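The block underneath contains the structure these notes are about, expressed in structure tokens.
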Amino acid sequence: MLKDEELATHRQELRRGTVVLACLMLLEKSNYGYALLTALDSSGFAVDANTLYPLLRRLEKQGLVHSEWNTDESRPRKFYATSPEGRRLAATLRGDWDELAAAFTALTALTEEP
Amino acid sequence: MTTASTLTDRYVAEAVRSLTRGQRKDIEAELRASIADAIEDRLEAGTDAAAAERDVLAELGPPRSLAASYSDKPSHLIGPDLFRDYVRVLTVLLSTAVPLWFVFSGVVTFVAGASPLDSLGSALWGSFETAMSLAFIVTLVFAIIERTPALRGRRATKWDLHSLPAVPDQRGYVSELVGGVLFLVVIASVVIVLQSVGAVEGPNGTLIGPLDAPLWESGVFWVALFYSAVSISFHVFAHYTGWSVANAVATIVLDVLFVVPAVWIVAGDRLLNPDYFAAIGWPDGVQIVGLIALAVVVLFPLLDTVDAIIRTVRTRRVHRSPSEAA
């Protein structure tokens, strides 16, 4: 029987890259950290705040998202939006995901054959 | 409300403390906004202010982990790419230098008239010190490589079948060993003979040799002899395992360990005894021999370093070319 901790690690490994893809897709419409966190959560991509905030910085550094401080409201917030390069990466990752999904479907069909 | 805002202040301060000045202001502002948003969300859901803040901060986890995620700097001293090379260099240096030093310093102390127990104690302590200094220097060199992207890129070569070390050539191994030991024995004998048999009467009637007397008595030449033994064993090892970047780095460490004190002694006029050269009627000899000695202690390690680098590069080129041609 797999320990809880090991199970959590395996699931985490499998999800790792999906948060990046989900971020790039959601940030087609510019948004700020906490709102993105809740949007990810309600779309079914559970991610911790302490993972997401540093991740956004890394994506920005790689030029995959752009950021801008919005000071229109009483609380200034940093808004992120997917860059053209981020869009291209998202398309590639999306394609990979579909291929993987198709491959898993085929694999399931193969192993379930009598 | 005052206590609640203090908790956030404390959390944010701790999280941004280790960040670089350039990052700090922006990350702090964003982190504060995010925390405030999260607290606000919970307040709207009916949680009381103090509990909301505690929950939000607890969920963010240890501030130092958060800082580490934000930081570009590695949170480790030596990463997995270098770790195996690091362990290998350390193992080689420690497994050759420490036992040799143990035997040498034990014998030397005993011959100098210490009791067996004192000799053992000094040998143990000396070995410990040797191990500590080697470990420190090797760790320092690897930590610097870890933090220097240019160096890391250079060593990150693609592994292929051709990079497997060749089966060691026994004749080469033996001749290298014998050659190194012979050279060392000849140099050591010449120095000892000149200093003892070749000693002449100095200005105040005592016998003096060409080497500075306090230096000769300080035991520094035993250290040099010990160093040479380590260096020879290491070269044999490098020959045996095939020249790699790890070996080249270790060679450079050994060479630097030698050059710094050697140049300090020779260039600081601490090696030779000018009275000796005056006594044998060649007063200029102290300058000339000193210059030659300086050239030797600089050139030998320099050539050794260059040789190690050339061998490493050549090994790679030889190993790579068949795969490129294929």
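In what follows, chains carry the letters A, B, and so on, assigned in the order in which the sequence lines appear, proteins first and then strands, with residues in each chain numbered from 1. In this text, all values refer to a predicted model and were calculated from it rather than measured experimentally.
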Side chains of [X] and [Y]: closer than 4.5 Å at any heavy-atom pair?
X: R75(A); Y: E40(B); answer: yes
X: D26(B); Y: W69(A); answer: yes
X: R77(A); Y: E30(B); answer: no
X: Y53(A); Y: I27(B); answer: no

Atom CD of residue position E68(A) - does it have more than 12 heavy atoms of other residues, nucleotides or ligands inside 6.0 Å?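 Atom CD in E68(A) is not crowded, with 12 or fewer foreign heavy atoms closer than 6.0 Å.
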
Hey, is CG on D4(A) packed in by over 12 heavy atoms from elsewhere, all under 6.0 Å?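 No, CG of D4(A) has 12 or fewer neighbouring heavy atoms, counting only those of other groups under 6.0 Å.
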
Name the member of [options] that forms the most heavy-atom pairs with chain A at distances under 4.5 Å.
options: D41(B), V56(B), L31(B); answer: D41(B)
options: G61(B), A29(B), S65(B); answer: A29(B)
options: A33(B), S69(B), A38(B); answer: A38(B)

At a heavy-atom distance under 4.5 Å, which candidate from D48(A), T51(A), L55(A), N50(A) has the highest pair count against chain B?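 Of the options given, most contacts go to N50(A).
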
Residue part contacting chain B, namely of T38(A), when any heavy atom lies under 4.5 Å: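 For T38(A), the contact with chain B is made by the side chain alone.
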
